Structures are given as C-alpha cells and as structure tokens.
Amino acid sequence: MGLLDAILGRSKPVRPDLDQLFAVPSAALTLQAAAGFTPTGLGSVCFAGVEGGGFARLQEDVRELLDADTERGGVPVEFSRDAYGYTWLLARHPADDSAALVNDLHAVNTLLQDGGFGPQLLCSLIGFRDAESRSLALVYLYKRGTFYPFAPLPGDAEKRDNQLELQVRGVLGDDLRVEKDLSRWFPVWGAPGL
C-alpha cells in the first residue's frame, strides 16, 4: 500500500484464507450448545461461471474428486445454476460429519483458486437446522475471508430473521472470523444446501 492509498483512505483487500473453513466443525459444536442448531450435512460453493475449456475441465476435475467415494455409498455432488447465472456446487455428507463436508468445500475452493479462477469464487455455505425446523447458514465470503450467519424466515416471502443472525454472530464471535460490515451480509435466497 502506497502513501497515496493511505491519504485517500484506501486499504489493501483482505487475502482469502480458505483455512478459515476448518474452524466450522468446532463452531458447529458451539452453535449447537448455545443456540440449538445442528449441521444438516449440506454445504455448497457458489462461483461465477466462465466460458471455455479450461474452466469446464476444472469443473469436471472437481466432480471426479468429490464423487470418488460414490462407489462406497457417498452421494454425488450436484451442480446447478441460479436465476442470476451463478453456478452452485452442492455437497452432501452425514449430518454428524461436518469435518468431511468442510474438507470437500475447502477442496473445491482450493482447486478453483489454484486453477486461476479465484476471482470467480463468491461464497461457500454450510447449512444448519434447529428443532423448530428453522434454517441457518454460515456463509463464508471468499473475497473477504469472513463468515456471516444467514437465517431466512420460513415461507416464500424472502425475509430474514435478523435477530437470530445477530444472536449467532454473538455466539460465534470467538470461533469464527465474523464479517463486521453488516451491509456485506448478503441474502442467499434459495441457495442449495440451505
């Protein structure tokens, strides 16, 4: 960062730290004990698609890597595209194995980043549910290296439970690097894994 950047108030962007994802299994225990939310075993990665053979090959490499255990009973990953044109990869694991889910999400992010497609990565999310069937996701913002909770209210109204999100922020503040700028807590309506 140069002198002109300091004078104009610009700062260096935060470098992505994919290893932050490995804090999710312990945060899941905290979330269960403090708020009653347990992992669903569903997680997804969102990225902007790119045209071209290199990206298509990388997407196939991701599928092959994560589908390697399907012969032993593993569930194949699913790719989908949302209304905004973003691609989502959905991974499924037993609800009590959040470590394996996080490993898969980390592998996808790492393969895309190492393949030169890091700028296309948007977020990863890990799904949770409580005894009242309320949904919650811990969303990892790739470009910020931070997490935030997203809690949609039941129904099709596209409304969120802001009180629950703030409660979860307080609960997980010691476990995860939580995004401080609330304007970056983007809704991920209809995200696979939520």
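Keep in mind that what you see is a predicted model, and the values were worked out from it rather than measured.
Pro149 approaches Glu165 most closely through the heavy-atom pair CG-O, 3.2 Å. Across every non-hydrogen atom of Leu101 and Ala91, the tightest pair is CD1-O, 3.7 Å. For Tyr140 against Leu18, the heavy-atom pair with the smallest separation is OH-N, 3.8 Å. Scanning all heavy atoms of the two residues, the minimum distance from Leu125 to Leu194 falls at CD1-N, 4.4 Å.
Looking at heavy atoms from C-beta onward, Asn103 lies in side-chain contact with Phe22 at the 4.5 angstrom threshold.
Residues forming a side chain to side chain donor-acceptor pair (under 3.5 Å) with Gln32 (at least two apart in sequence, or on another chain): none.
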Side-chain donor/acceptor pairs under 3.5 Å, residues 40-49, sequence neighbours excluded:
{"residue": "Thr40", "atom": "OG1", "partner": "Leu42", "partner atom": "N", "Å": "3.2"}
{"residue": "Thr40", "atom": "OG1", "partner": "Gly127", "partner atom": "O", "Å": "3.2"}
{"residue": "Ser44", "atom": "OG", "partner": "Pro192", "partner atom": "O", "Å": "2.7"}

Give every donor-acceptor pair under 3.5 Å between a side-chain atom in residues 181-190 and any protein atom, sequence neighbours left out.
{"residue": "Asp181", "atom": "OD1", "partner": "Ser183", "partner atom": "N", "Å": "3.0"}
{"residue": "Asp181", "atom": "OD1", "partner": "Ser183", "partner atom": "OG", "Å": "2.6"}
{"residue": "Asp181", "atom": "OD2", "partner": "Ser183", "partner atom": "OG", "Å": "3.2"}
{"residue": "Trp185", "atom": "NE1", "partner": "Glu179", "partner atom": "O", "Å": "3.0"}

Might you work through the side-chain contact (heavy atoms from CB on, under 4.5 Å) test for Thr30 and Phe37, ending with a clear yes or no? CA-CA 9 Å; Thr30 302; Phe37 280 88; over 6 Å; no

side-chain contact (heavy atoms from CB on, under 4.5 Å) assessment of Cys123 paired with Trp88: CA-CA 10 Å; Cys123 67; Trp88 288 86; 4.1 Å; yes

Step by step, would you call Val24 with Leu105 a side-chain contact (heavy atoms from CB on, under 4.5 Å)? CA-CA 11 Å; Val24 170; Leu105 300 180; over 6 Å; no

Test side-chain contact (heavy atoms from CB on, under 4.5 Å) on Phe128 and Ile126; report intermediate values, then the result. CA-CA 7 Å; Phe128 293 83; Ile126 298 96; 3.8 Å; yes

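Side-chain heavy atoms closer than 4.5 Å link hydrophobic residues (I, L, V, M, F, W, Y) into clusters, and following such links, even through other members, never connects Leu153 to Phe150.
For the side-chain contact (heavy atoms from CB on, under 4.5 Å) criterion with Leu112, the lone passing option out of Asp114, Val108, Asn109 is Val108.
Within 6.0 Å of the OH atom in Tyr86, the count of heavy atoms belonging to other residues, nucleotides or ligands does not exceed 12. Other residues, nucleotides and ligands contribute over 12 non-hydrogen atoms within 6.0 Å of the CG atom of Asp19.
Remark: the backbone N or O of Leu122 is not paired with any side-chain donor or acceptor of Lys143 at under 3.5 angstrom.
Separation of atoms CG (Asp161) and OG (Ser135) is listed at 11.0 Å; rounding is to 0.5 Å.
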